[in-house]
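What follows is a short report on a single structure.
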Amino acid sequence: MGYPKVTVVGAGQVGATAAQLLLLHDVADVVMIDVAEGLPQGKALDLMHLRSIERFEPTIVGTNDYADTAGSDVVVITAGLPRKPGMTRDDLLAANSAIMRSVIAQASQASPDAVFVCVTNPLDIMTYLAWKESGLPSQRVIGMGGVLDSARFAYAIASKTGAPISEIEALAMGAHGDAMVPMPRFSTVNGVPITQLLDQSDVEALVERTIFGGAEVVALLKTGSAFYAPAGSIVAMVRSIIGDTGDTHPSCVYLDGQYGIEDVYLSVPARLGRGGVEDIPVMPLDDDELDALQASAQTVAQAVDSLGLRG
Ligand code: APR
């Protein structure tokens, strides 16, 4: 049986966990590539040993050679350094820019028809960089930020209200970082916006917890950053792409005038399918929400400008 082919670049915490979920959910055959020799091969072999226990059919290959990634349907890029305690995502900018440039050049040459899902931080900047360097249509270069941020918002709401997670819909938009814009009016428990269920101070506390959810994990782990929820977020997006579902996910996409934002990659709800971004249905934001989103875009634009990439 032929499965789609997904390459995961970076066999670290996020990449290997995403690969495991892709296999367990029967999504795709996986190629995992890393600069570290033996690491992707060893983890791939371990996952192949898991096959007979978990009874999944897709296979995984570990490699250091982009030739093995050729013709992938989706390429997920997790290569890079993760945050250490006290580091912001932007501290990673210089180191991860160099890694992203080298990865996207090789990966896009091997798989020119793939959809590329960037995960490396600082996410919105790295996704812009990947798009620019690849020369690909912007629809086929996207980033994983909003799905994770929205999941963290949902967790915060569940913790506060005690509601089952299945009854919660949460939305966070904007930059994947301190300039994130959780959207309380569009975040509901059983369809009721949390702005109608909770005091304003409680809502503000949940927003704060969401924005610093990643940092909370980093502070606890002390070495490295979150990977279970990031990996699940990647796989949710990849499943919609591979399955051509057109499902809406808050995704880091190229904005070309939507929300009054030009030439910036930022997380907003987007329909994902085989061609990558199929549509960006614009949310009916009020003036304050729009201002917050535009301010978030501004911080990303400045960072991208510092790399001399825009325009
Ligand atoms: N090509 C391929 N792999 C690379 C390269 C490169 N040029 N440079 C580094 N790597 C690999 C490392 O060898 C390592 O195995 O990327 C992997 C990163 O794994 P971890 O250090 O475990 O980091 P992880 O927690 O997976 O985070 C990866 O995702 O969420 C973001 O901020 C996070 O940018 C970070 C990325």
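In each ligand, atom 1 is the first atom listed, and ligand 1 is the first ligand listed.
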Check your understanding: For ligand 1, is any non-hydrogen atom under 4.0 Å from Leu39's backbone (N, CA, C, O), its side chain (CB onward), both, or neither?
Key ->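 Contact part for Leu39 vs ligand 1: side chain (C-beta onward).
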
Check your understanding: Does the N or O separation between Leu81 and ligand 1 drop below 3.5 Å for any pair?
Key ->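 Yes: some nitrogen or oxygen of Leu81 is under 3.5 Å from one in ligand 1.
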
Review point. Do any N/O atoms on Asp34 end up under 3.5 angstrom from N/O atoms on ligand 1?
Key: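 The answer is yes, given that Asp34 and ligand 1 share an N or O pair closer than 3.5 Å.
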
Check your understanding: Are Gln294 and Gln298 close enough that a side-chain donor and a side-chain acceptor fall under 3.5 Å?
Key ->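 On atom types as modelled, these side chains do not qualify, holding no pair under 3.5 Å.
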
Practice item. For Thr7 and Ser72, test the side chains for any donor-to-acceptor distance below 3.5 angstrom and give the result as yes or no. Key: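 Note: Thr7 and Ser72 side chains meet the donor-acceptor criterion.
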
Point to revise | Connected via hydrophobic side-chain network under 4.5 Å: Leu148 and Val268 | key: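 Shared cluster, yes.
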
Point to revise | Leu221 with Val14, same ILVMFWY side-chain cluster at under 4.5 Å | key: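 Different hydrophobic clusters.
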
I'd like the name of whichever of [options] reaches closest to [atom] through any heavy atom.
atom: atom 8 (N) of ligand 1; options: Asn121, Ile99, Val9, Leu148; result: Ile99
atom: atom 18 (C) of ligand 1; options: Gly10, Ala79, Gly80; result: Gly80
atom: atom 20 (P) of ligand 1; options: Gly145, Ser233, Gly12; result: Gly12

Ligand-residue contact atoms, ligand 1 with [X], heavy atoms, under 4.0 Å:
X: Val14; answer: 24 (P), 25 (O), 26 (O), 27 (O)
X: Asn96; answer: 34 (O)
X: Thr120; answer: 34 (O)

Point to revise | Identified side chain to side chain donor-acceptor pair (under 3.5 Å) counterpart of Arg274 within the set Asp73, Thr245, Asp244 | key: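 Answer after filtering Asp73, Thr245, Asp244: Asp73.
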
Exercise for review: Please work out whether the ring planes of Trp131 and Tyr254 are parallel, tilted or perpendicular, with thresholds of 30° and 60°.
Suggested key: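 Tilted: the ring planes of Trp131 and Tyr254 meet at 30° to 60°.
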
Exercise for review: Taking the side chain as every heavy atom from C-beta outward, state whether Ile142 and Leu272 have any atom pair closer than 4.5 Å.
Suggested key: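 Yes, close enough: below the 4.5 Å cut-off.
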
Check your understanding: Does even one non-hydrogen atom of Thr17 get within less than 4.0 Å of ligand 1?
Key ->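 In this structure, Thr17 fails to qualify as a contact of ligand 1 - no heavy atom is under 4.0 Å.
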
